[in-house]
Novice: 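This is the structure I want to talk about, given as C-alpha cells.
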Amino acid sequence: MFRCPALGLVLALTACEAASPPVAASEAPIINGGICQGEASTAMALLVDTTLTVPFLGSLPVRSVACTGTLIAPDVVLTAAHCVDETVLGQGIAEATGTRFFVTFEEDLVALSAGETMDFPPAAIEAAAWVKHEQFDINSWNEVNGPGRYYDIGLLFLERPVEGLEPERVITSTEASSITTGSTVTIAGWGASTEDVGSILMPPPRGTVGLKNCGAALIGEVAEWEFQVGTDQASTRKCRGDSGGPTYLNVAPGTAFPRRVVGVTSHAYDESLCDEGGLDTRVDAYLDWLDTRMRDACADGTRVWCTLPGLIPVDSGPVAVLPGSFTPDAGVPDRGFAAPDLGTPDLGESDLGIETDAGTIPPVVADAGRADSGPGRDLAPADGCACASPGQSSQAVGVLVLGLAVLRRRRRRPQG
C-alpha cells in the first residue's frame, strides 16, 4: 500500500514511480494478514467510476476499486483525503470527469481489481457527496520520511444509510493516550497481500489483490499527527490498495463498544515500499474537523441520517438503522429516517472528547459557502488527491498517463 504516496486510488499508478503497476489501488491487501473473519465488519471498499481524458490521446472510462473506508455513522464513511480527490486520479496529466464514488461490503473484488469486469456489486451504495480536508495537498508528500502533518483525512456521505450494522465508534481525545508504541491493533483493506506488486506492464498475480484482508499489527513510531503500523518485513502491515482503511484499537474493555477506529491508512513510511510499514493519519488529531463536517452536511441537507448530526458519542446506545425503516424525503433535512428512540444524548465536549481552543463545538455549523454543492459533488476545494487504479480495461490510458507523470516528476508513495 505504501508504494505510492497514498495507499489506494484509481490511478495510484500515476502517483507512483515507474515501478508502480497499472492496477487497481485496491490491489494491495494486508501483508502477513489473512481473510477477515468478521473482525472488521465496518470496513468498506471504496469504488470509483470516472472518465480519464489525456490530451491528444482521448478518453477512457474507469470503474475500479479505489480505497478502503470505515462506517462511522449509518450514512458516513471515514477515509483518506487522497481517496476522494480527483486531482490524484489524473495526477495533473489526465482530467477526471463525471466522477462518482460507491462503497460496498463485498469481500471478493478480485475480478473488478483485475479489470475482468466493470460491474459493481448490486448492493453497492453511491456517495451523494464527499469532502476532504481543505489543507490536504498531494505535493506535500514529495519529501516524506517518517511521520508528518499531511491532513490526509476525508468523508463520504451516502445516498442512503447502511442498514443493520452498528457504526464504528471514533476514538475520543481522552482515549488517545491508548495509542502507544507496541500496542496491538487490527487492520483491514482490499490491498495487496504480497510484496509482488507487479510492474508497469505486468499486473500482480491474480488473487493477491482485491480480497478483504485483516491482520493484527503493532504500532511502531507514534507522532502528533500520524503513527506507524508495522515496522519491518516480518510484521503484519498495510500496502498499496489499503489507503483510507481503518486501524482499530480496543480501548474500553467491558463496555458496550470497546473498540475504536484510531487511524486512517495514508502513505508509505519511506521509499522502501512496504518494508517499513506505513503511516496512518491519527483520527484523534482531526476530531473537531470530522464533527463539524458531519454537522455541516446535516445542516445543508446533504446527509440522510441526522439523528445524531456529529460524531457518535462513545457512550451512546445502538444507532444501527433498522432494515426497511429508512424512507427518503427530500423535504426534511434528515429525510424522514425513523430512528429508534435514543433519548436526548448530550453531545457536549465530555461525550465527544473533542477539545478545542475555542471551547465546545457548536451543535450545528452551517457553511453558506457550500449551499450550491449538490449531491455527487466534492464539498471541499479541489486541492487534494484521490486513490483508485484502473483495471485491465483502462490499462492502456493508465500506462500512458503513468509514463507522462514519470517524465514530469517523481513523488512520494501512497498506500492506497
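Sequence positions, counted from 1, serve as the residue numbers for this chain.
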Novice: Among residues at least two apart in sequence or on other chains, which ones pass ring-ring contact (aromatic ring centres under 6.0 Å, His included) with F102?
Specialist: F120
Novice: If we only count heavy atoms from C-beta on, is the V110 to E116 side-chain gap below 4.5 Å?
Specialist: no
Novice: Report the C-alpha distance between L218 and S183 in whole Å, list the side-chain angles of each, state the deciding distance to 0.1 Å, and finish with yes or no for side chain to side chain contact (heavy atoms under 4.5 Å, CB included).
Specialist: CA-CA 6 Å; L218 295 179; S183 294; over 6 Å; no
Novice: Taking side chain as C-beta onward, heavy atoms only, is L71 less than 4.5 Å from V76?
Specialist: no
Novice: Do the side chains of P121 and L109 get nearer than 4.5 Å, heavy atoms only?
Specialist: yes
Novice: If you define the side chain from C-beta out and look only at heavy atoms, does anything of T180 sit under 4.5 Å from I219?
Specialist: no
Novice: Do we see a donor-acceptor contact under 3.5 Å between the side chains of D280 and T247?
Specialist: yes
Novice: Show the nearest heavy-atom pair for residues T79 and G244, with the distance to one decimal.
Specialist: OG1-CA, 3.4 Å
Novice: If we ignore hydrogens and angles and just use 3.5 Å, is the side chain of K212 paired with the main-chain N or O of A40 as donor and acceptor?
Specialist: yes
Novice: In terms of side-chain heavy atoms, does E134 have a donor or acceptor partner in Y151 at a distance below 3.5 Å?
Specialist: no
Novice: Is the shortest heavy-atom distance from the side chain of I179 to the side chain of F227 under 4.5 Å?
Specialist: yes
Novice: Within this structure, what is the CZ-OG1 distance for the pair R169 and T70, rounded to the nearest 0.5 Å?
Specialist: 14.0 Å
Novice: Give every residue pair that meets the salt bridge (Lys or Arg N to Asp or Glu O under 4.0 Å) criterion with at least one member in residues 254-265, sequence neighbours excluded.
Specialist: E168-R259, E175-R260
Novice: Do you know the tightest heavy-atom contact between G146 and V144?
Specialist: O-CG1, 3.8 Å
Novice: Taking all heavy atoms of A94 and all of V54, pick out the closest pair and write down the distance.
Specialist: CB-CG2, 3.8 Å
Novice: Say you draw a straight line from CG of L78 to OG1 of T68; how long is it, rounded to the nearest 0.5 Å?
Specialist: 11.5 Å
Novice: Indicate the atoms forming the closest heavy-atom contact of D152 with A81, along with that distance.
Specialist: OD1-N, 2.9 Å
Novice: Decide yes or no for P147 and Q228: does some side-chain heavy atom of the first lie under 4.5 Å from some side-chain heavy atom of the second?
Specialist: no
Novice: Search all heavy atoms of I187 against all heavy atoms of V229 and return the closest pair with its distance.
Specialist: CG2-CG1, 3.8 Å
Novice: Could you grab the distance from atom CE of M44 to atom SG of C67, nearest 0.5 Å is fine?
Specialist: 14.0 Å
Novice: Mark yes or no: R303 above the aromatic ring of F157, with NZ or CZ under 6.0 Å from the six-membered ring centre and no more than 45 degrees from the axis.
Specialist: no
Novice: Would you say E166's side chain and V319's backbone share a donor-acceptor pair under 3.5 angstrom?
Specialist: yes
Novice: How far apart are the closest heavy atoms of E221 and Y269, and which atoms are they?
Specialist: OE1-OH, 2.6 Å
Novice: Do P167 and P74 have side chains that approach each other closer than 4.5 Å (heavy atoms only, starting at C-beta)?
Specialist: yes
Novice: Mind checking the CH2-OG spacing from W225 to S266? Nearest 0.5 Å is all I need.
Specialist: 13.5 Å
Novice: Out of curiosity, S113 OG to D108 CG, how far, rounded to the nearest 0.5 Å?
Specialist: 9.0 Å
Novice: Using side chain to side chain contact (heavy atoms under 4.5 Å, CB included), reason through T53 and T51 one step at a time and then give a plain yes or no.
Specialist: CA-CA 7 Å; T53 301; T51 296; 4.2 Å; yes
Novice: What verdict does the side chain to side chain donor-acceptor pair (under 3.5 Å) test give for Y150 and Q135, after you've listed the backbone C-alpha separation in whole Å, the side-chain angles of each residue and the deciding distance to 0.1 Å?
Specialist: CA-CA 8 Å; Y150 301 107; Q135 291 180 261; over 6 Å; no
Novice: Quick one, T99 with E86, criterion side chain to side chain donor-acceptor pair (under 3.5 Å). Give me CA distance, side-chain angles, the key distance, then yes/no.
Specialist: CA-CA 8 Å; T99 302; E86 288 183 308; 2.4 Å; yes
Novice: How are the rings of W141 and F136 set to each other: parallel, tilted or perpendicular (split at 30° and 60°)?
Specialist: perpendicular
Novice: Say whether, by atom type as modelled, one donor and one acceptor occur between the side chain of N142 and the main chain of N139 under 3.5 angstrom.
Specialist: yes
Novice: Inspect the contact between E163 and R160 and indicate whether a charged nitrogen and a carboxylate oxygen are less than 4.0 angstrom apart.
Specialist: no
Novice: Please assess V162 against F105 for the test side chain to side chain contact (heavy atoms under 4.5 Å, CB included), listing each intermediate value before the final yes or no.
Specialist: CA-CA 10 Å; V162 172; F105 289 106; 3.7 Å; yes
Novice: Which residue in the set I312, L155, T42, V283 passes side chain to side chain contact (heavy atoms under 4.5 Å, CB included) when paired with I72?
Specialist: L155
Novice: Using the side chain to side chain contact (heavy atoms under 4.5 Å, CB included) rule, take F326 and V304 through it: C-alpha gap first, then chi angles, then the decisive distance, then the call.
Specialist: CA-CA 9 Å; F326 174 72; V304 296; 3.8 Å; yes
Novice: Should L311 and M294 count as side-chain neighbours, where that means a heavy-atom distance under 4.5 Å?
Specialist: yes
Novice: Measuring from atom CG of L287 to atom OG1 of T292, what distance do you get when rounded to the nearest 0.5 angstrom?
Specialist: 10.5 Å
